4 protein chains.
Amino acid sequence: MPAISPQRMRDRYDAILAAATRVFAENGYSTASITDIARAADISDGLIYKYFENKRDLLETVLERFYERIIADLEPKIAKGRTFADRLYVLISEHLHVFIADRDLCRLFISEVRTASDYRGSAIQQLNRRYTSILLKIVDQGIADGEVVAGMDPRLVRDMLFGAIEHTSWRHINGSKPVDVPRVARAMTDVLVNGLALRGRRKRT
Amino acid sequence: MPAISPQRMRDRYDAILAAATRVFAENGYSTASITDIARAADISDGLIYKYFENKRDLLETVLERFYERIIADLEPKIAKGRTFADRLYVLISEHLHVFIADRDLCRLFISEVRTASDYRGSAIQQLNRRYTSILLKIVDQGIADGEVVAGMDPRLVRDMLFGAIEHTSWRHINGSKPVDVPRVARAMTDVLVNGLALRGRRKRT
Amino acid sequence: MPAISPQRMRDRYDAILAAATRVFAENGYSTASITDIARAADISDGLIYKYFENKRDLLETVLERFYERIIADLEPKIAKGRTFADRLYVLISEHLHVFIADRDLCRLFISEVRTASDYRGSAIQQLNRRYTSILLKIVDQGIADGEVVAGMDPRLVRDMLFGAIEHTSWRHINGSKPVDVPRVARAMTDVLVNGLALRGRRKRT
Amino acid sequence: MPAISPQRMRDRYDAILAAATRVFAENGYSTASITDIARAADISDGLIYKYFENKRDLLETVLERFYERIIADLEPKIAKGRTFADRLYVLISEHLHVFIADRDLCRLFISEVRTASDYRGSAIQQLNRRYTSILLKIVDQGIADGEVVAGMDPRLVRDMLFGAIEHTSWRHINGSKPVDVPRVARAMTDVLVNGLALRGRRKRT
DNA sequence: AATGAATGAGTTTTCATTCAT
DNA sequence: AATGAATGAAAACTCATTCAT
């Protein structure tokens, strides 16, 4: 017979997570303090430690949630694409969308987690792998279907694509004009598929 | 009338900066302490504040110097490229080279440059612009020379390219295998120039 | 009108005390937490405060119980001794036995009983008196029976004996080799009765 | 060219140590706070960490100093004793003296250090060994000189003696009357040398 | 000019105790 | 009666920054 309902516990948990998401995203991990988060969640500092082991755990949970959410959103949409270019377009436009909607969280991920020394082997890396494997599969299938140059290294494509998206959304963060997602996604897909060269299919450099 | 010669002041300034670069790169900005830096520069903590306003200022100067170094290294080399693809290859391989040569500094750059740059105006943002303008010019010239599809947005290319390079560097930092710079630079150039599609130059999507 | 039977209340009280004894003994007073004790007693944190005033009260009760147990065990056994030396031997060996049987509790006792006892009046101090009075009586009877030097201060004997026992127990706790209780008790009795000197009963110093 | 003189640093160090000695002795290790100590030494909390690594280090230094002081006082005095009983008397009376003068420190030692899990092998244990070895040597020499029963275990004597002294001084702490050191030391020596029995040198039990 | 001792606000984290449920 | 969520004060420790020397 719990003193408060499981629902209320769940709400608290979510409230803390939401507060942490906001505070971390706005100030960065090390600048944000537990007190800030507690205040944002309208609870005491101590209570956070009833729900999370420590500050780091809180950060990781925030990012895991984020990843889970975007993966869940993305996977079904990718499946609908017919051709390699279609699937690529969906991936790019969805990914861009997320990055732009949650720019602060993305920045948090880039600046605090990827660089952490304990990143390798972490739950976050697992999620990251799962996420990027979506693209690797698209490329593999593109090769299998004869739509993509054989021998293309999917990891190269992954780096180019995710790097490109990150940079574009970052420009959005610091820039004045909002990004026209469909237009940019279209253009990015086109460059990746057809290249920059006026006459494609010359001998490969 | 300074009690220390301007030259010696200059040397000191450089020594502090070199120490800060090393210490920040090794430990990250918030983990590194002023005392660490002072010790590395073989001076007292207090003296740092005669040369720099505060810790943040020190970080920004470190990052500015790094940018300046990259730019200075790169500009003359680019000029030598004959074709669009040549110039692109030089840019990619040089940039990759710099990032990979100093993984610690590269990690610092990735994790701090964004936060540092929206802190006031800022000098970093300007350097970033100057750096990326090198690429913008390459693309513009490629269009002018008829080597690149007309109407291509150079900023898109910029985002794709620098994002790709950054991601690749990051893979290098966190990955197990070292990156084979010439091979990756070659492949990246190729994808950008010719695209992923088996048959290039089909109608643009 | 209690909603819980007095018997069940009593059981609960004992269960809490048993849990506290174990937890305090294992971790020490200040390291142990109320939550640890509650968990060990399989009840909630809050309920402890229905039975005990606070953490300190709990410690004191634990120590009191331990004292009571030692005394209850000891008194009947002492009565059996025929001579002064016999009774002394029984006291020493029983006391050593108790301390060594539960090294954790013994450690707790040594490190906390003094602090606990000058905290108010106190019950512990009274128990201590009662306990040591057992020995005082033995000495008094020894004098009365002509077995012990007349004029010997029983409090001196008390201090020497209990100090010796405590120190020996401590050596047991921290030492590598277990203490051979009968042998040590025998030797200690012998020294107390006959002294260290090769030729006893010379003129008293 | 230090900003403050070495003398002042030394004074500060000593002041912190003196404050810590007092605060630890009065309140016990875990009850005492760094803030208490800092306040007692009339400095800021942070400065303590410039002189000592952490709270534990401070405690250990306090106790090491104490030990060093009493050992330095004791050793020359012991040397003057002619017979076993003389030397024993000196040891007892000096030791009692110290315990009574620094009762709080002794209690601190008993309750906080001896019971610590990292006691074995520590610097404090070394000092403790050195201190008790003084007595061990006295006993060994007593045996060699034919003054002490052969086969007597010096460690037994050590435990009895130090335990006795500890207990006696503890009685002083809690008791009302001051201890008459020469009288008690005399009596304790006598018991140890000649035993409690009216007729010594009966067959050993 | 140069030092580094000193500060003190700030950090994360723990936990005895209370009280709404 | 019993719970355990919630509190909030306190803990040890860190460190950018200042300033007397």
Side-chain angles (χ1 to χ4, degrees), chain A residues 1-6 8-9 12-13 30-38 42-58, chain B residues 1-5 8-9 12 30-39 43-58, chain C residues 1-5 8-9 12 30-39 43-58, chain D residues 1-6 8-9 12-13 30-38 42-58:
Chain A
M1 195 180 317
I4 69 169
S5 71
R8 187 159 158 220
M9 268 198 72
R12 276 265 200 255
Y13 184 88
S30 44
T31 305
S33 79
I34 290 289
T35 302
D36 292 341
I37 295 168
D42 208 36
I43 56 165
S44 68
D45 289 24
L47 192 54
I48 288 181
Y49 291 87
K50 287 285 198 300
Y51 290 86
F52 298 89
E53 249 174 55
N54 51 37
K55 195 184 173 186
R56 191 87 207 163
D57 179 32
L58 193 44
Chain B
M1 193 181 317
I4 184 174
S5 77
R8 189 153 163 231
M9 268 197 74
R12 223 33 123 213
S30 50
T31 305
S33 79
I34 290 289
T35 303
D36 291 341
I37 295 167
R39 195 140 41 209
I43 56 163
S44 68
D45 291 22
L47 195 53
I48 288 181
Y49 290 85
K50 294 280 196 292
Y51 291 84
F52 297 89
E53 246 174 61
N54 52 35
K55 196 184 170 187
R56 191 89 217 162
D57 180 29
L58 199 42
Chain C
M1 193 182 316
I4 185 175
S5 77
R8 188 151 164 232
M9 267 197 75
R12 199 85 94 182
S30 51
T31 306
S33 79
I34 291 288
T35 302
D36 291 341
I37 295 168
R39 194 139 42 208
I43 56 164
S44 68
D45 290 23
L47 195 53
I48 289 181
Y49 290 86
K50 293 282 196 292
Y51 291 83
F52 297 89
E53 243 173 64
N54 52 35
K55 195 185 171 187
R56 191 90 215 163
D57 180 29
L58 200 40
Chain D
M1 195 181 318
I4 69 170
S5 70
R8 186 157 161 222
M9 268 198 73
R12 276 266 201 255
Y13 184 87
S30 45
T31 305
S33 79
I34 290 289
T35 303
D36 291 342
I37 295 168
D42 208 36
I43 55 164
S44 68
D45 290 24
L47 192 54
I48 288 182
Y49 292 87
K50 286 286 199 303
Y51 290 85
F52 298 90
E53 248 173 55
N54 52 37
K55 195 184 173 187
R56 191 88 208 162
D57 179 31
L58 193 44

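The sequence lines fix the lettering, A, B, ..., with proteins before strands; numbering per chain opens at 1. Owing to the predicted nature of the structure, the values given are computational and were not obtained by experimental measurement.
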Distance check needed: [N] [atom2] versus [X] [atom1], whole Å only.
{"X": "D:I43", "N": "E:dG4", "atom1": "CD1", "atom2": "P", "answer": "19 Å"}
{"X": "C:D45", "N": "E:dT14", "atom1": "CG", "atom2": "C1'", "answer": "13 Å"}
{"X": "D:R12", "N": "E:dA6", "atom1": "CZ", "atom2": "C1'", "answer": "7 Å"}
{"X": "B:Y51", "N": "E:dT3", "atom1": "OH", "atom2": "P", "answer": "9 Å"}
{"X": "C:I48", "N": "E:dT18", "atom1": "CD1", "atom2": "P", "answer": "13 Å"}
{"X": "B:I37", "N": "E:dG4", "atom1": "CD1", "atom2": "C1'", "answer": "16 Å"}
{"X": "C:D57", "N": "E:dT17", "atom1": "CG", "atom2": "P", "answer": "10 Å"}
{"X": "B:Y49", "N": "F:dC15", "atom1": "OH", "atom2": "P", "answer": "12 Å"}

Assuming nearest nucleotide by heavy-atom distance, tell me which of B:K50 and A:N54 is located more 5' along DNA chain E. B:K50
Contacts of A:D36 and C:S33 projected onto DNA chain E by closest heavy atom; the upstream (5') one is A:D36
Under 4.0 Å, counting only non-hydrogen atoms across every strand here, what does [X] touch: a base, just sugar-phosphate, or nothing?
{"X": "A:K55", "answer": "sugar-phosphate"}
{"X": "C:R8", "answer": "sugar-phosphate"}
{"X": "A:A32", "answer": "sugar-phosphate"}
{"X": "D:S44", "answer": "base"}
{"X": "C:L47", "answer": "base"}

Is there a Watson-Crick or G-U wobble partner for [N] with both distances under 3.5 Å, and which nucleotide is it?
{"N": "E:dT21", "result": "F:dA2"}
{"N": "E:dT14", "result": "F:dA9"}
{"N": "F:dT14", "result": "E:dA9"}

Parallel, tilted or perpendicular: ring planes of A:Y51 versus A:Y13, cut at 30 and 60 degrees: tilted
Per A:M9 side chain, nearest of listed nucleotides F:dA16, F:dA5, E:dC15: F:dA5
Within the side chain of B:K55, is there an N or O that forms a donor-acceptor pair under 3.5 Å with the backbone of B:A32? yes
Over all heavy atoms of both residues, which pair between D:I43 and D:I48 is shortest? Give the atoms and the distance, please. CD1-CG1, 3.8 Å
Closest contact, heavy atoms only, B:Y49 versus B:N54: CE2-CA, 4.0 Å
Using side-chain heavy atoms (C-beta onward) and a distance below 4.5 Å, is D:R12 in contact with D:L47? yes
